[in-house]
Amino acid sequence: MTEEGFLTRDQVEKYKREGYLVVPNLFSDAECDRLKRKCREIVDDMRLEDHPKTIFTTKDDQDHAKDEYFMTSADKIRFFFEESAFDENQKLRVDKHLALNKVGHALHLLDPEFKAFTFQDKFKNIAKSLSFKKPAVCQSMYIFKQPNIGGEVNTHQDSTFLHTEPMNIAGLWIALEDATLENGCLHFVPGSHTEGVAKRFIRNPNGDSPSMIFVGSMPEVSSEKFVAAPVKRGSLVVIHGEVVHRSEANRSKESRNIYTFQDRKSG
């Protein structure tokens with residue numbers, strides 16, 4: 001990056017060519033710890049009895065379209081659990097801090113610590129580097145990728161869910177812990193962002209239930225096409241809305257906490 005905090009010309013060209021960009025060592029350990037500590041406080045204050053036991057998994061996307069708790073979370077802070085977090089009696093197998101898949105989707109609006117982090121100048125300068133003249137944050141998430149039970153995220157494109165015309169979504173993905181091959185780092189298909197969006201999540205044109213449905217399908221992608229992107233704590237990954245990516249399940253003993261939000265170009 002430049003001394004002023006903008007992406008270099010080479011970085012911008014790499015992002016345009018491959019559909020993603022790793023910016024290492026952008027944030028300090030203290031900054032990472034501050035977000036981790038704040039999220040722990042949020043989970044500390046969460047009473048299980050006040051929330052449904054909503055599972056987040058990418059194995060059956062249509063389940064989310066039927067889930068009111070998920071579908072109405074855009075302007076709230078809500079809690080989503082790992083698929084294997086509960087036993088046959090719907091009791092948590094582990095402490096709630098180790099059972100959550102993610103917290104979303106309005107941390108950037110409703111929590112002062114996350115709001116200040118999200119709207120800092122570093123991100124504004126990166127958005128300007130990518131020609132986002134009036135960037136607007138669509139959603140934000142804290143993703144835990146828990147040790148041993150952190151779920152796989154299937155092959156997808158972010159613009160399936162966040163669709164704009166023209167297409168202009170970028171994800172900002174901050175590693176609060178090391179993201180490794182063992183604990184579920186991101187994998188990308190470089191250049192796939194030039195091939196369009198294969199699958200859309202749209203309002204049901206028939207007005208039936210569910211109110212949102214999927215159209216199209218994500219084609220099978222050979223595993224050989226994916227390139228792993230392990231990163232160290234404090235790194236940023238910029239993700240084009242149309243690039244094909246995924247992450248493996250975490251079967252290691254180390255968590256892979258990250259904070260992410262999506263920008264859209266509104267001008």
If hydrophobic clusters are built from ILVMFWY residues whose side chains come within less than 4.5 Å, do [X] and [Y] share one?
X    : Y    : value
Y142 : F80  : yes
L21  : V243 : no
V137 : V237 : no
V12  : W173 : no
I143 : I55  : no

Of the non-hydrogen atoms in [X] and [Y], which two are nearest, and what is the gap between them?
X    : Y    : answer
S255 : N250 : CA-ND2, 3.9 Å
C138 : D263 : SG-C, 4.4 Å
N204 : P210 : ND2-O, 3.1 Å
D44  : K96  : O-NZ, 3.2 Å

[X] vs [Y] aromatic rings, parallel, tilted or perpendicular, using cut-offs 30° and 60°?
X    : Y    : value
H240 : Y15  : tilted
F27  : F117 : tilted
Y259 : F114 : tilted

Carefully, step by step, assess Q262 and R264 under the rule side chain to side chain contact (heavy atoms under 4.5 Å, CB included).
CA-CA 7 Å; Q262 275 77 30; R264 67 177 178 87; over 6 Å; no

Hey, what do you get for [atom1] ([X]) to [atom2] ([Y]), rounding to the nearest 0.5 Å?
X    : Y    : atom1 : atom2 : result
K253 : N148 : NZ    : CG    : 8.0 Å
I258 : L236 : CD1   : CG    : 10.5 Å
L98  : R93  : CG    : CZ    : 14.0 Å
T155 : H187 : OG1   : NE2   : 10.5 Å
L109 : D75  : CG    : CG    : 8.5 Å

My understanding is that only one of Y69, F56, F86, F70 makes a ring-ring contact (aromatic ring centres under 6.0 Å, His included) with F81; could you say which?
F86

Check ion pair E113-R37 (N to O, under 4.0 angstrom):
no

Are D178 and K232 ion-paired here, with the side-chain N under 4.0 Å from a carboxylate O?
yes

Which of these passes side chain to side chain donor-acceptor pair (under 3.5 Å) with E177: R256, K145, K36?
K36

Do H108 and T118 get their side chains close enough for a donor-acceptor pair, meaning under 3.5 Å?
no

Polar side-chain atom of K199 near backbone of F214 as donor-acceptor pair, under 3.5 Å:
no

Decide side chain to side chain contact (heavy atoms under 4.5 Å, CB included) for I202 and H163; before the verdict, give the C-alpha distance in whole Å, the side-chain angles of both, and the deciding distance to 0.1 Å.
CA-CA 9 Å; I202 67 169; H163 193 88; over 6 Å; no

Aromatic contact, F261 with F123 (centres under 6.0 Å):
yes

